[in-house]
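Only one structure is covered here, and it is reproduced in the block below.
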Amino acid sequence: MNVKVFRLNSGEEILARFEEKDTAYVLKDAAILVPVGQGQIGLMPWMMYTKAARGVEIAKSFVAFTVEPLEELKNQYDASLNEAYRDWE
């Protein structure tokens, strides 16, 4: 499954695996990008108090744009976030 950064109209930047539908994206294992100081970015599970890891449908009209993440960020996502979601399931 592909991974992209989604910039929502609310300003949130979400890194997630996704499926694309005609009018929406289904985001899975989503993480919010948070600044942690000194020019670094951290990842935090998005809506980790819900079952959102299984998929949240976001209307395309609520997505400002999507971009491919840097390989380093994708590797960090794969290594750390997936562990966090496994602990919650």
Side-chain angles (χ1 to χ4, degrees):
M1 189 175 285
N2 291 329
V3 175
K4 282 195 178 185
V5 175
F6 294 81
R7 174 72 180 247
L8 305 182
N9 293 339
S10 62
E12 293 172 293
E13 292 181 350
I14 307 295
L15 180 64
R17 291 181 170 89
F18 71 98
E19 292 177 25
E20 188 170 355
K21 295 185 173 185
D22 288 339
T23 61
Y25 294 103
V26 178
L27 307 184
K28 297 183 178 185
D29 298 324
I32 190 164
L33 299 171
V34 292
V36 293
Q38 298 180 354
Q40 295 183 337
I41 297 292
L43 298 171
M44 188 171 97
W46 187 53
M47 298 177 49
M48 66 182 171
Y49 45 86
T50 70
K51 294 182 180 181
R54 296 182 185 143
V56 174
E57 190 166 311
I58 304 288
K60 286 183 176 179
S61 63
F62 195 68
V63 176
F65 60 85
T66 66
V67 294
E68 296 287 329
L70 295 174
E71 196 64 31
E72 184 177 305
L73 182 61
K74 187 177 175 199
N75 291 341
Q76 180 183 354
Y77 169 79
D78 288 336
S80 64
L81 188 68
N82 291 330
E83 289 296 323
Y85 275 123
R86 278 191 212 103
D87 291 343
W88 280 88
E89 289 184 351

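Nothing fancy with the numbering, it's 1 onward along the sequence.
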| task | Over all heavy atoms of both residues, which pair between Ile41 and Pro35 is shortest? Give the atoms and the distance, please. | result | CD1-CA, 4.4 Å

| task | State, with a plain yes or no, whether a side-chain heavy atom of Val56 is found less than 4.5 Å away from one of Thr50. | result | no

| said: Restricting to non-hydrogen atoms, name the atom on Leu43 and the atom on Tyr77 that form the minimum distance, rounded to 0.1 Å. | reply: CD1-CA, 3.5 Å

| If you look at every heavy atom in Gly55 and Val26, which pair is closest and at what distance? | CA-CG1, 4.1 Å

| remark: CZ (Arg7) and CD (Glu12) are apart, to the nearest 0.5 Å, by 10.0 Å

Show me, pair by pair, the donor-acceptor contacts under 3.5 angstrom made by side chains of residues 57-68, not counting sequence neighbours?
unit_1, atom_1, unit_2, atom_2, d
Glu57, OE1, Lys21, NZ, 3.1
Lys60, NZ, Glu20, OE2, 2.7
Lys60, NZ, Lys21, O, 3.0
Lys60, NZ, Asp22, O, 3.4

| query | For Trp46 and Leu27, which heavy atoms make the closest approach, and how far apart are they? | reply | CZ3-CD1, 4.3 Å

| task | Check the hydrophobic clustering (I, L, V, M, F, W, Y; side-chain heavy atoms under 4.5 Å; chains of links allowed) and say if Leu70 and Met44 are grouped together. | result | no

| said: Please report the interatomic distance CD1(Ile14) to OH(Tyr25), rounded to the nearest 0.5 Å. | reply: 14.0 Å

| message | Test of understanding: with side chain to side chain donor-acceptor pair (under 3.5 Å), list the residues that count as partners of Lys51, not counting sequence neighbours. | response | none

| query | Which residues satisfy the side-chain contact (heavy atoms from CB on, under 4.5 Å) test with Glu71, sequence neighbours excluded? | reply | Lys74, Asn75

